[in-house]
Amino acid sequence: MSLLCVRLCLYVILTTGLVAAAEHVTGPLNGRITLPCKYSAKTTSMCWGRGRCPNFWCNDEILRTDGYNVTWRKSDRYQLLGHIRQGDVSLTITGATKEDEGTYCCRVEIPGLGNDLKIEIKVKIQEVAPSPPDPTKRTTKPYHTTHGIESPSVTPKTISDDSSLPSTVKPASQSLEIEDSLAAENKRPYIIASVVVIIVLLIAVAALLLR
C-alpha cells in the first residue's frame, strides 16, 4: 500500500512538473508592468493564468500561444512583446489597475513527464507619488488688483481776481468805467471851447457897459 502511494506521488510530480519559487514584481498604477518568463527548450505551446499553477494547464487562463504566435488572449491589455519563437514569453500588462494585483502562472508545456516549466509571479501595483516641486523653478503669478482704476479728477480753477483774466476778457463793470472815461475825454475840448466863448462874451459886454 505504501509503495502504491509513493508511485502515485512520483507520477503526480513527474507529470505536473516542479513550480519555481515565486517572483515579486511591482508596477505603477495606470502604467506598464512586465512579468518575466523564458525557456530555452524547443519551441512549444504555453499559457498564462491567474492564481497559482495547477497540476494541469492554467487556471483562469488569460493568454495562450502555440509556440509561434498568440492564439488567444482575454484582453488586449495582455501582450507578449518578446521573441516568442526564441522562448521569451514574458507577459506585459498595460494600463495596470489595482485589480491586476495577485498571483500569475506562466506554464510552458515541454514534452515529457515532469518537464513542464511553471513560474509563479506575484504582482503588486503602487500609486506613483507626485514629484516634489523643483525649487529652482519659480512660477510667477499674474498680479491682480482689487481696486478699480479711477480717472484723475480735475478741480476747476476759481478766478478770484480780475487780473487773472486774459486781456481780452474784462468784467462788465470795468468795461463801463473805460467807456465813461473815454466819453469824458472826448467832451473835454468842447467844454474848454465853451468856457472860452463865455469869457469872450463877458469881456465884450463889459466893454460896452463902460462906454
Side-chain angles (χ1 to χ4, degrees), residues 1-139 141:
M1 185 68 180
S2 60
L3 182 59
L4 180 60
C5 292
V6 171
R7 288 181 178 179
L8 288 175
C9 291
L10 289 175
Y11 176 78
V12 171
I13 293 175
L14 291 175
T15 54
T16 58
L18 298 176
V19 180
E23 298 185 26
H24 295 266
V25 176
T26 302
L29 183 65
N30 298 323
R32 175 183 293 185
I33 182 173
T34 299
L35 286 58
C37 184
K38 297 180 181 181
Y39 67 94
S40 58
K42 185 179 178 179
T43 301
T44 183
S45 59
M46 59 83 57
C47 62
W48 275 96
R50 296 291 300 266
R52 301 198 63 180
C53 294
N55 293 334
F56 302 97
W57 314 115
C58 292
N59 288 332
D60 192 8
E61 192 171 290
I62 59 176
L63 184 143
R64 171 169 285 276
T65 76
D66 59 2
Y68 299 94
N69 300 290
V70 175
T71 57
W72 180 86
R73 72 184 73 199
K74 189 175 183 179
S75 170
D76 291 337
R77 297 173 54 239
Y78 303 124
Q79 302 177 9
L80 298 186
L81 302 179
H83 297 283
I84 300 176
R85 298 187 181 187
Q86 297 179 8
D88 187 357
V89 289
S90 300
L91 177 67
T92 298
I93 303 175
T94 59
T97 64
K98 282 292 186 179
E99 287 72 17
D100 293 321
E101 289 185 333
T103 302
Y104 289 77
C105 171
C106 171
R107 185 180 192 122
V108 180
E109 300 166 358
I110 301 176
L113 294 176
N115 291 335
D116 284 0
L117 174 64
K118 296 187 292 185
I119 299 176
E120 292 182 354
I121 300 176
K122 294 184 178 180
V123 175
K124 178 70 175 179
I125 304 299
Q126 288 185 345
E127 295 184 9
V128 180
S131 58
D134 190 352
T136 61
K137 295 181 180 179
R138 299 179 61 185
T139 55
K141 295 183 178 179

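The analysis underlying the following values was restricted to heavy atoms, covering all of them including side chains, and did not include hydrogens, waters or symmetry mates.
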Validation row: [X], [Y] side chains within 4.5 angstrom (heavy atoms):
X      : Y      : result
Ile84  : Tyr68  : no
Asp88  : Pro36  : no
Tyr104 : Cys37  : no
Val70  : Tyr78  : no
Pro28  : Gln126 : no
Thr92  : Arg32  : yes

For [X] versus [Y], what's the shortest heavy-atom pair and its separation?
X      : Y      : answer
Trp57  : Arg64  : CE3-NH2, 3.7 Å
Cys106 : Val89  : SG-CG2, 4.2 Å
Ala96  : Ile125 : CB-CD1, 3.8 Å
Asn55  : Arg107 : O-NH2, 2.7 Å

Distance (rounded to the nearest 0.5 Å) between [X] [atom1] and [Y] [atom2]:
X      : Y      : atom1 : atom2 : answer
Lys122 : Glu101 : NZ    : CD    : 12.5 Å
Ser90  : Gln79  : OG    : CD    : 13.0 Å
Ile121 : Trp48  : CD1   : CH2   : 4.0 Å

Using atom types as modelled and distance alone, determine if a side-chain donor or acceptor of [X] lies under 3.5 Å from a backbone N or O of [Y].
X     : Y     : result
Asn59 : Gly51 : no
Arg77 : Thr94 : yes
Thr43 : Arg85 : yes
Arg50 : Ile62 : no

### Query
Passes salt bridge (Lys or Arg N to Asp or Glu O under 4.0 Å), Glu120 versus Arg52? Steps please.
CA-CA 7 Å; Glu120 292 182 354; Arg52 301 198 63 180; 3.3 Å; yes
### Query
When Thr44 is tested against each of Leu117, Asp66, Val108, Thr65 for side chain to side chain contact (heavy atoms under 4.5 Å, CB included), which residue passes?
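Filter result, single survivor: Val108.
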### Query
Do you know which of Ile33, Leu81, Leu63 makes side chain to side chain contact (heavy atoms under 4.5 Å, CB included) with Leu91?
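Per the side chain to side chain contact (heavy atoms under 4.5 Å, CB included) rule, the option paired with Leu91 is Leu63, out of Ile33, Leu81, Leu63.
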### Query
What do you reckon, is NZ of Lys42 surrounded by more than 12 foreign heavy atoms closer than 6.0 Å?
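Not buried by this count: 12 neighbours or fewer within 6.0 Å.
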### Query
Any salt bridge between Glu61 and Lys74, counting N to O under 4.0 Å?
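Not counted as a salt bridge, because no side-chain N and carboxylate O are separated by less than 4.0 Å.
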### Query
Are Lys118 and Glu109 within salt-bridge range, i.e. N to O under 4.0 Å?
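No salt bridge links Lys118 with Glu109.
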### Gamma sulfurs of Cys53 and Cys58 within less than 2.5 Å
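Looking at Cys58 and Cys53, their sulfur gamma atoms do not lie closer than 2.5 Å, so the answer is no.
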